[in-house]
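The block underneath contains the structure these notes are about, expressed in structure tokens.
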Amino acid sequence: MPEQTASNENEAVLTHLSRIPPERVDAERVLRFSLPVLRLGPVLPLAADGEIANPVVVPEDGDWPWMLLDDMRRELGGEVTPLLAPREQISLELNRIFDMASASAEEMLADLGSEGELSREIEEVRDLLESEDEAPVIRLVNTLISQALKERASDIHIEPFENNVLVRFRVDGVLHTVVTPPKGVQAAMTSRIKVLSGMDIAEKRHPQDGRFRVRIAGREVDVRASILPTAYGERVVLRLLDRGRGVLNLPELGLNDTHLALVSDVVTAPHGIVLVTGPTGSGKSTTLYGALMSVDRKNRNVLTIEDPIEYQLDFVGQMQVQNKIGVDFATGLRSILRQDPDIVMIGEIRDLETAEIAIQASLTGHLVLSTLHTNDALSSIMRLQDMGVEPYLVASSLLMVQAQRLVRELCPHCKRPRAVSDSDWWAMHADAADYDDVIEVYEAVGCDLCIQTGYAGRIGIFEMTRVSEALRAAIHDGKGLQVLQRIARQEGMKRLSCDGARHVASGRTSIDEVLRVTREDAVVVQE
């Protein structure tokens with residue numbers, strides 16, 4: 001085993017570990033120290049093996065405070081033996097141990113004691129800005145955020161009622177109750193979140209919005225906070241944006257081969273508009289990020305204007321909307337167009353001004369990617385016209401329209417098979433003949449691993465069409481939605497529920513889940 005000489009005052013010879021043995025990691029010893037202290041090194045106490053007294057792993061680069069050894073000696077009761085390892089390995093192991101040791105929200109509330117005891121303790125903390133990090137409400141808020149990340153939640157809802165407070169997580173698009181704290185904790189939790197978000201803690205009559213960033217177990221998380229006054233107190237919703245989560249590429253989003261080829265083709269076009277539509281939380285921004293990941297960003301100037309910036313992309317200039325200082329989508333888009341862009345991504349087209357600038361940009365040699373809030377792909381055309389955009393401008397600029405939803409994937413540990421019939425495929429507007437070889441599909445059950453929901457994770461289903469010459473002519477002539485849908489269906493566009501049928505056939509989701517998220521798809525235009 002190679003050796004290395006340390007630069008401390010004793011010039012001790014240290015043993016270098018190529019890897020930290022997992023069987024030597026003693027969680028009990030590690031948890032004797034606070035995480036901030038251990039991260040200061042970082043340092044990782046190991047279990048004694050009879051040959052080495054109190055082994056402690058330290059970074060191999062030698063850039064760490066040696067005086068921490070004195071704290072280790074006092075706490076562990078004797079001399080310590082430093083071992084060298086890569087800094088990243090030490091931090092990863094520390095995060096794993098403290099992440100496993102962190103309490104759930106229910107355990108935290110149990111530790112806090114009765115409502116009366118909790119209320120008295122909270123009342124003593126007059127100014128949360130001056131409170132210690134170990135204040136009970138601070139621990140509770142931190143625990144809620146940590147638990148939400150563990151359960152893959154996208155949102156935390158803190159909802160006050162007359163006699164209690166309800167805390168719910170949105171996991172895979174569905175809300176479920178996590179804990180019901182006592183009423184006495186409500187005001188302090190809200191104040192803590194206001195302090196973190198930079199809001200006015202004295203203002204309780206007007207809605208407020210803010211944001212903050214936290215680091216939990218080595219993961220950076222952006223949190224958007226919204227506070228709304230209600231009859232029984234202020235309602236809080238926290239949107240969690242995990243900065244450590246990687247951007248999905250197009251194949252990982254769930255597109256079939258036809259859709260993948262279409263998207264890959266239009267994002268290489270020199271100019272035009274690509275619209276992705278769907279309700280809030282349907283993965284529109286993720287799809288646009290995936291599209292940007294597939295373009296040649298090193299040789300093309302790619303700029304975005306977003307609210308908020310959810311992922312950081314290499315070789316992409318990303319601009320944040322800041323309404324408080326007058327930088328909205330329209331204002332930001334004008335500035336972006338003076339930066340000589342090849343591709344522009346707009347987080348959302350919300351008004352006529354933004355729509356007109358986007359269309360003019362597409363007509364002057366820019367590829368524009370954006371989102372709209374409509375229920376199906378072709379309704380985006382009507383939405384632009386309703387905003388006031390002339391039909392001939394829509395017809396001349398639009399390249400592709402796409403609608404999408406996210407369906408929950410079945411938990412692989414508890415899903416169970418059942419027989420399938422032709423009526424199941426017809427319910428999803430799929431041709432039963434395409435699935436003759438499928439004799440069974442799967443349905444949700446529920447287990448501890450999926451929080452009794454029967455589902456874990458989500459995947460996309462899509463409805464998309466390229467704007468063909470026939471569609472372009474119909475848009476130019478001001479034809480209605482029924483005519484546009486008829487043309488698109490004849491050219492091969494499949495409904496959302498029909499696209500979901502392929503995930504049902506492969507066992508990734510259930511029929512009930514596809515029908516749940518495509519309910520409006522059942523009300524179709526009669527052809």
Side-chain angles (χ1 to χ4, degrees), residues 152 154 171-174 245-265 276 278-279 281-284 286-287 289-291 293-294 376-377 402-465 489 492-522 524:
R152 302 174 292 102
S154 60
V171 181
D172 295 333
V174 178
R245 184 179 56 186
V247 179
L248 298 178
N249 56 41
L250 288 175
E252 293 173 324
L253 296 174
L255 283 76
N256 63 29
D257 293 340
T258 302
H259 291 163
L260 187 60
L262 177 55
V263 175
S264 299
D265 184 47
V276 178
S282 58
K284 301 185 297 296
T286 302
T287 298
Y289 280 119
M293 290 290 289
S294 68
D376 61 80
Q402 169 186 318
Q404 66 180 66
R405 299 290 189 277
L406 294 176
V407 295
R408 293 178 295 171
E409 292 191 84
L410 287 164
C411 174
H413 303 284
C414 64
K415 66 181 182 179
R416 66 184 175 202
R418 73 165 179 85
V420 66
S421 66
D422 287 353
S423 61
D424 289 323
W425 303 117
W426 295 333
M428 295 179 287
H429 304 107
D431 188 346
D434 293 339
Y435 301 101
D436 278 343
D437 57 336
V438 179
I439 59 174
E440 64 180 18
V441 294
Y442 289 86
E443 59 186 5
V445 178
C447 64
D448 291 339
L449 295 175
C450 61
I451 327 174
Q452 302 301 327
T453 63
Y455 298 93
R458 290 191 289 179
I459 193 169
I461 58 174
F462 303 88
E463 170 188 273
M464 64 178 70
T465 184
R489 306 278 189 232
M493 185 182 75
K494 302 293 185 181
R495 297 188 178 104
L496 284 165
S497 56
C498 182
D499 189 50
R502 63 189 174 89
H503 293 316
V504 172
S506 65
R508 298 190 69 171
T509 192
S510 65
I511 295 173
D512 290 342
E513 176 65 8
V514 170
L515 296 181
R516 180 185 70 85
V517 301
T518 61
R519 192 169 302 165
E520 73 279 354
D521 196 38
V524 297

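Side chains are part of it too, since the values below use all heavy atoms of this structure and drop only hydrogens, waters and symmetry mates.
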For this session: Drop me the distance from Ile459's CD1 to Ser506's OG, to the nearest 0.5 angstrom.
Result: 7.5 Å
Problem set entry | Leu260 CG to Asp265 CG distance, which is reported to the nearest 0.5 Å | 11.0 Å
Exercise. Atom CD1 of Ile511 and atom OG of Ser497: how far apart are they, to the nearest 0.5 Å?
Worked result: 11.5 Å
Exercise. Phe462 and Gln402: side-chain contact (heavy atoms from CB on, under 4.5 Å), yes or no, with the steps?
Worked result: CA-CA 7 Å; Phe462 303 88; Gln402 169 186 318; 3.4 Å; yes
Problem set entry | Test side-chain contact (heavy atoms from CB on, under 4.5 Å) applied to Arg458 and Glu409, step by step | CA-CA 5 Å; Arg458 290 191 289 179; Glu409 292 191 84; 5.7 Å; no
Exercise. Quick one: does Pro417's side chain get under 4.5 Å of Val441's, heavy atoms only?
Worked result: no
For this session: Return yes if some donor-acceptor pair links the side-chain N/O of Lys494 with the main-chain N/O of His429 below 3.5 Å, else return no.
Result: no
Exercise. Hey, are the side chains of Glu513 and Val517 touching, using non-hydrogen atoms and a 4.5 Å cut-off?
Worked result: yes
Exercise. Of all heavy-atom pairs between Thr509 and Arg408, which one has the smallest distance, and what is that distance?
Worked result: OG1-O, 2.7 Å
Exercise. Is the shortest heavy-atom distance from the side chain of Val504 to the side chain of Met428 under 4.5 Å?
Worked result: yes
For this session: Measure the spacing between CE of Met493 and OG1 of Thr258 and express it to the nearest 0.5 Å.
Result: 14.0 Å
Exercise. Quick check: are there more than 12 heavy atoms from other residues, nucleotides or ligands sitting under 6.0 Å from CG of Asp436?
Worked result: yes
For this session: For residues Thr518 and Leu496, report the shortest heavy-atom separation together with the two atoms involved.
Result: CG2-CB, 3.9 Å
For this session: Taking the side chain as every heavy atom from C-beta outward, state whether Glu440 and Val420 have any pair of such atoms under 4.5 Å apart.
Result: no
Exercise. Is a side-chain donor or acceptor of Asp172 paired with a backbone partner of Gly457 at a separation under 3.5 angstrom?
Worked result: yes
For this session: Start with the C-alpha gap between Leu410 and Arg508, add the side-chain angles, then the distance that decides, and say whether side-chain contact (heavy atoms from CB on, under 4.5 Å) holds.
Result: CA-CA 6 Å; Leu410 287 164; Arg508 298 190 69 171; over 6 Å; no
Problem set entry | Atom of Gly454, atom of Cys414 and distance for their closest heavy-atom approach | CA-SG, 4.2 Å
For this session: Taking all heavy atoms of Leu255 and all of Leu250, pick out the closest pair and write down the distance.
Result: CD1-O, 3.8 Å
Exercise. For Lys415, does the NZ atom sit with more than 12 other heavy atoms under 6.0 Å from it, leaving out its own atoms?
Worked result: yes
Exercise. Heavy atoms, side chains only, cut-off 4.5 Å: are Tyr455 and Val407 in contact?
Worked result: no
Exercise. How close do Glu463 and Ala377 get, heavy atom to heavy atom, and via which atoms?
Worked result: OE2-N, 2.9 Å
Problem set entry | Note: Arg418-Asp424 ion pair, threshold 4.0 Å (strictly below) | yes
Exercise. Do Leu253 and Thr286 come close enough that some side-chain heavy atom pair is under 4.5 Å?
Worked result: yes
Problem set entry | Heavy-atom pair of closest approach, residues Gln404 and Ser282 | NE2-O, 2.8 Å
Exercise. What is the ring orientation for Tyr435 with Trp425, classed by angle as parallel under 30°, tilted 30 to 60°, or perpendicular over 60°?
Worked result: parallel
